[in-house]
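Being a predicted model, the structure only gives us computed values, none of them experimental. Note on naming: letters A, B, ... go to the chains in the order of the sequence lines (proteins, then strands), and numbering restarts at 1 for each one.
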Amino acid sequence: MRMDKSYSQSFEITGNNFFDAGKAATEVKMILKQIGINSDIIRRVAIASYEAEMNVVMYAKRASMTIEISQEKIKIVVDDEGPGIQNIELAMKEGYSTATTEMREMGFGAGMGLPNIKRNADHLKIESEVGKGTKVEFVIELKESARGGSKER
Amino acid sequence: MTLNEISKLLSCEVFCGEDQLNMDIEFGCASDLMSDVLAFSRSGAILLTGLVNTQTIHTAFIAEINAVVFVRRKKPDKDIVALAREKHIPLLGTPYSLYEASGILYKTGLISTMECISVKNENG
Ligand SMILES: Nc1ncnc2c1ncn2[C@@H]1O[C@H](COP(=O)(O)OP(=O)(O)O)[C@@H](O)[C@H]1O
Ligand SMILES: [Mg+2]
C-alpha cells in the first residue's frame with residue numbers, strides 16, 4: 001500500500017439505536033479492507049471501533065466516528081454528546097458497568113468494552129465532561145518499529 | 001474440520017450459507033457475551049451462542065468469525081438471517097445446549113480460541 005496523503009472519513013452513530021449498532025465499525029472495516037491493510041490490524045481496529053460504537057449506542061445521544069489513516073497510523077476518534085463519564089479510571093476497570101438488563105441481553109454490558117479498546121490499541125485517550133459528552137481517541141500504529149511497548153502507557 | 005462436519009455432529013439446521021458448508025473451521029468459541037467474543041476469539045473460528053440478535057452477526061463480522069451456531073433450537077428472525085447473508089456468515093441451529101454442543105466439538109479435537117489468546121497474552 002502507498003498513501004502519500006492521509007485519508008479521513010466520518011460516520012454518525014445514534015444513541016439507543018441497537019438495530020444499526022455495528023454499522024460504523026463495519027464501514028471502518030470495509031475501508032481498511034479496501035486499502036489493503038494487514039488483516040490482523042484490521043481486526044484490532046474493527047474490534048476497538050465496535051466497542052466504542054456500542055458505548056455510544058448504550059450510553060450517549062449521538063456521536064461521530066472519524067477514521068484517519070496515514071502511512072504511520074490509523075486513528076479513530078469517537079466524539080459523543082451524552083452524559084459523560086464521571087470516573088474514567090473506574091470505567092476502565094474490567095467488569096465495571098452501568099449497563100441495564102436490556103443492554104446485557106444484547107450481549108454487551110459486561111464491563112469489557114473500554115478494556116477491549118485498550119487491549120487492541122497502541123494508544124488510548126479518553127476525555128469526558130459530565131453532562132456534555134465523551135471523546136474516545138485511539139491509535140493503531142502501522143509501522144512495525146512503533147508497535148508494542150506503547151501498551152504499558 | 002469443515003462446517004459440514006460440524007453441522008452433522010451437532011444435527012444442525014442451516015438457516016443460511018448452505019453453499020459455504022465446505023469452509024474450514026480451525027477453532028471453537030462459545031459465549032453469550034459479545035464483548036468476550038471480541039476479546040477472546042480469533043479469525044477462523046466458529047461461534048456457538050444462545051444470543052440471537054443482530055449484534056451476534058455484527059460481532060461475528062467484526063471479529064472474523066467464520067460461522068455461527070445458535071444452540072437449543074433458537075431460531076433467528078428474517079432480519080438476522082438477511083444481515084448474515086449480506087455478510088456471508090453461515091448461520092446454523094442445533095438442538096443441543098451450549099454446554100453439550102461445545103463438548104461434542106471439543107471432544108473431536110476442535111481447539112478453543114480462548115486458550116490461544118490467553119497463551120498469547122501471557123507472552124506479550
Ligand atoms: N460514551 C460513554 N458515555 C457515557 N458513559 C460511558 C461511555 N462509555 C463508557 N461509559 C461508562 O463506562 C462504563 C464501562 O464501559 P465499558 O468498559 O465499555 O463496559 P460496558 O459498556 O460493558 O458497561 C459503562 O458501563 C458506562 O458507565
Ligand atoms: Mg461497552
From B:Ser43 atom OG to A:Ile42 atom CD1, the distance as rounded to the nearest 0.5 Å: 11.0 Å
Verify same cluster id: A:Ile74, A:Phe11 (apolar side-chain graph, 4.5 Å): yes
Atom group of B:Leu33 that falls short of 4.5 Å from chain A, counting heavy atoms: both
Leading residue by heavy atom contact count with chain A [cutoff under 4.5 Å; candidates B:Asp79, B:Val52, B:Val37]: B:Asp79
Proximal to chain A - members of residues 63-71 of chain B, heavy-atom separation under 4.5 Å: B:Ala63, B:Glu64
Listed partners of B:Ser35 passing side chain to side chain donor-acceptor pair (under 3.5 Å), at least two apart: A:Glu51
Structural part of B:Thr49 lying under 4.5 Å from a heavy atom of chain A: neither
Same apolar cluster: B:Leu105 and B:Phe27, side chain cutoff 4.5 Å: no
pair A:Tyr50-B:Met34: side-chain heavy atoms closer than 4.5 Å: no
Heavy-atom neighbours of B:Lys87 NZ exceed 12 at 6.0 Å: yes
A:Ala21 backbone acceptor or donor facing B:Gln55 side chain under 3.5 Å: yes
Connected via hydrophobic side-chain network under 4.5 Å: B:Leu21 and B:Ile104: yes
Approximate separation, where rounding is to 0.5 Å, of B:Thr59 OG1 and A:Met106 CE: 9.5 Å
Exceeds 12 heavy-atom contacts within 6.0 angstrom, atom CZ of B:Arg73: no
Heavy-atom pair with the smallest gap, counting every atom of B:Leu51 and A:Gly107: CD2-CA, 3.8 Å
Close side-chain approach of A:Phe19 and B:Leu83, heavy atoms under 4.5 Å: no
ILVMFWY network linking B:Val14 to B:Ile80, side-chain heavy atoms under 4.5 angstrom: no
Euclidean distance, A:Arg43 CZ relative to B:Leu38 CG, rounded to 0.5 Å: 8.0 Å
Neighbour count above 12 (heavy atom, 6.0 Å) for B:Glu18 CD: yes
Portion of B:Asn53 that has a non-hydrogen atom of chain A nearer than 4.5 angstrom: side chain
Cluster link B:Leu3 to B:Leu48, ILVMFWY, side chain under 4.5 Å: yes
Smallest separation among heavy atoms of A:Thr26 and B:Ile62, with atom names: N-CD1, 4.0 Å
Expected output: side-chain A:Lys23 to main-chain B:His58 donor-acceptor under 3.5 Å: no
From CZ (A:Arg119) to CZ (B:Phe40), nearest 0.5 Å: 5.5 Å
